[in-house]
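The block underneath contains the structure these notes are about, expressed in structure tokens.
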Amino acid sequence: MPQRILVTGAAGFLGSHLCDALLAKGNTVIGVDNLCTGNTNNLKHLAAESKFSFIEQDICNAFDPGKVDFIFNFASPASPIDYTRLGVETLFVGSTGTINTLDLAKKYDAGYLHASTSECYGDPLVHPQVETYWGNVNPIGPRSVYDEAKRFSEAVVMAYHRYYGVNTHLVRIFNTYGPRLQVNDGRVISNFMAQALRGEPLTIYGDGSQTRSFCYVSDLIEGIVLLADSEEHLPVNIGNPDEWTILECAQEVLAVTGAKTEIISKPLPQDDPTRRRPDITKAKTLLGWEPKVSLRQGLENSLQYFKDCVK
Ligand code: NAD
Ligand code: UDP
């Protein structure tokens, strides 16, 4: 049955794709965003969509969109450059912002799904990462503004479930990419694609041996929608287990763009995780979900978007 759904962080990369997927299923969607890292360009194709409305709002300030059936809480700076620039704001959105949206879910007896992250595992000592792993996080390092905000969010989401019976869900999202990724957010795919298309050197931090596992956005959104419909309250990893070194990732970008630029080395940021790969057994078993889009295919799907961004 179509529902009235609130999406926070709607003007961001993932939030805007989520709005599209929910509208395609016939739902009414209210998007909320304070535009600190997002952009209304990501929603401009919905201008004539009568079932979509947008509210410019910081979720750290209490707000009430009226009765909703479900809340997707995606508001938070997400790239290392953004959350370093907005460190205190990131801690507030992961604490006060999450509590404000949970209070709405409690008030309206709405379902609730929170966008958590593989960063909850920190620099993981267990590989691949299973949901039962508690992680290896530096609580006071430069990434802590994000990691600890997300870990607090998970704690408060579980508390609203346990103490108040709110129907909550937690997705631990692994590195996701695709069209609408902000071209200047410093993430590896946006940096490499923009650098390659501008004919600039690709900047590898450290020796490029650190790994990430890249999920294409359509796969991620499909998994999240399935999780929202499930009975699962504990965290579920959604990501692509195909693991790449950052050097291999740079080579894929060069292959897809046809760029001939060189690869240069820059200093590795402090506490940069050395490896990351989701164990997706739980998502496969519980949701019957697994990703379909390879890194090569996903980069090809994203090429025109990045070309439009850099021209
Ligand atoms: P994004 O920066 O494109 O989107 C985040 C959105 O939240 C932006 O539009 C921003 O303006 C908005 N926002 C931030 N603080 C807000 C506030 N206080 N009030 C209202 N809106 C606010 O990033 P994204 O990649 O789309 O990430 C979306 C969510 O998914 C984030 O919670 C992020 O932590 C999580 N996540 C993303 C990835 C990924 O690989 N993209 C991985 C793990 C987790
Ligand atoms: N990285 C890189 N060059 C860049 C941007 C990022 O080598 O221009 C590396 C970064 O050090 C990290 C990985 O790529 O090891 C992924 O970085 P990103 O910022 O995309 O996300 P993270 O997974 O670290 O949150």
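All ligand and atom numbering here is 1-based and tracks the order in the structure. The analysis underlying the following values was restricted to heavy atoms, covering all of them including side chains, and did not include hydrogens, waters or symmetry mates.
Contact annotation for D272 and ligand 2: only side-chain heavy atoms (C-beta onward) come within less than 4.0 Å of the ligand. By the criterion of a heavy-atom distance under 4.0 Å, the side chain of R143, and not its backbone, is placed next to ligand 2. By the criterion of a heavy-atom distance under 4.0 Å, the side chain of R276, and not its backbone, is placed next to ligand 2. Contacts of R212 with ligand 2, taken as heavy-atom pairs under 4.0 Å, involve the side chain alone. With a heavy-atom cut-off of 4.0 Å, Q210 touches ligand 2 through its side chain alone. Counting heavy atoms closer than 4.0 Å to ligand 2, residue I81 contributes nothing at all. At a 4.0 Å heavy-atom cut-off, ligand 2 touches I246 through the side chain alone.
The shell of residues lying under 4.0 angstrom from ligand 1, judged by heavy atoms, includes D33. Close to ligand 1: I59, with a non-hydrogen atom less than 4.0 angstrom away. Ligand 1 lies within reach of S116, whose nearest heavy atom is under 4.0 Å from it. At least one heavy atom of A11 lies less than 4.0 angstrom from ligand 1.
Hydrophobic clustering places L295 together with I173 (ILVMFWY residues linked when any side-chain heavy atoms are closer than 4.5 Å, directly or through intermediates).
Checked against E119 for a salt bridge (Lys or Arg N to Asp or Glu O under 4.0 Å), the options R143, R212, R151 give a single hit: R143.
Evaluated by nearest non-hydrogen atom to atom 5 (C) of ligand 1, the leading choice among C120, G38, S76, G94 is S76. The nearest non-hydrogen atom to atom 15 (N) of ligand 1, considering only C36, A78, A149, comes from C36. Comparing R180, R187, E119, R212 by heavy-atom distance to atom 41 (N) of ligand 1, the nearest is R187. Evaluated by nearest non-hydrogen atom to atom 31 (C) of ligand 1, the leading choice among F74, F13, F72 is F74.
For a threshold of 3.5 Å applied to N or O pairs, the pair formed by C60 and ligand 1 contains no separation below that value. In terms of N/O distances under 3.5 Å, ligand 1 is not approached by N175. Looking at ligand 1, you won't find any N or O of V93 less than 3.5 Å from one of its N or O atoms. Among the atoms of N34, some N or O lies under 3.5 angstrom from an N or O of ligand 1.
Using modelled atom types and a 3.5 Å distance limit, the side chains of S16 and R180 yield a donor-acceptor pair.
Regarding atom 1 (N) of ligand 2, its nearest protein heavy-atom neighbour is Y205 CD1, 3.4 Å. For atom 10 (C) of ligand 1, the nearest protein heavy atom (residue, atom name, distance) is T37 OG1, 3.1 Å.
When all heavy atoms are compared, the tightest approach of A11 to T40 is CB-N, 4.4 Å. Y83 and V145 get closest at one heavy-atom pair: O-CG2, 3.5 Å.
A cation-pi contact, defined as under 6.0 Å to the ring centre and within 45° of the axis, links K106 to Y164.
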query: Does the pair Y216 and Y177 meet the rule for a ring-ring contact (aromatic ring centres under 6.0 Å, His included), with working shown?
result: CA-CA 5 Å; Y216 188 64; Y177 68 99; 5.6 Å; yes
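Using a 4.0 Å cut-off between charged side-chain N and carboxylate O, K150 and D147 make no salt bridge.
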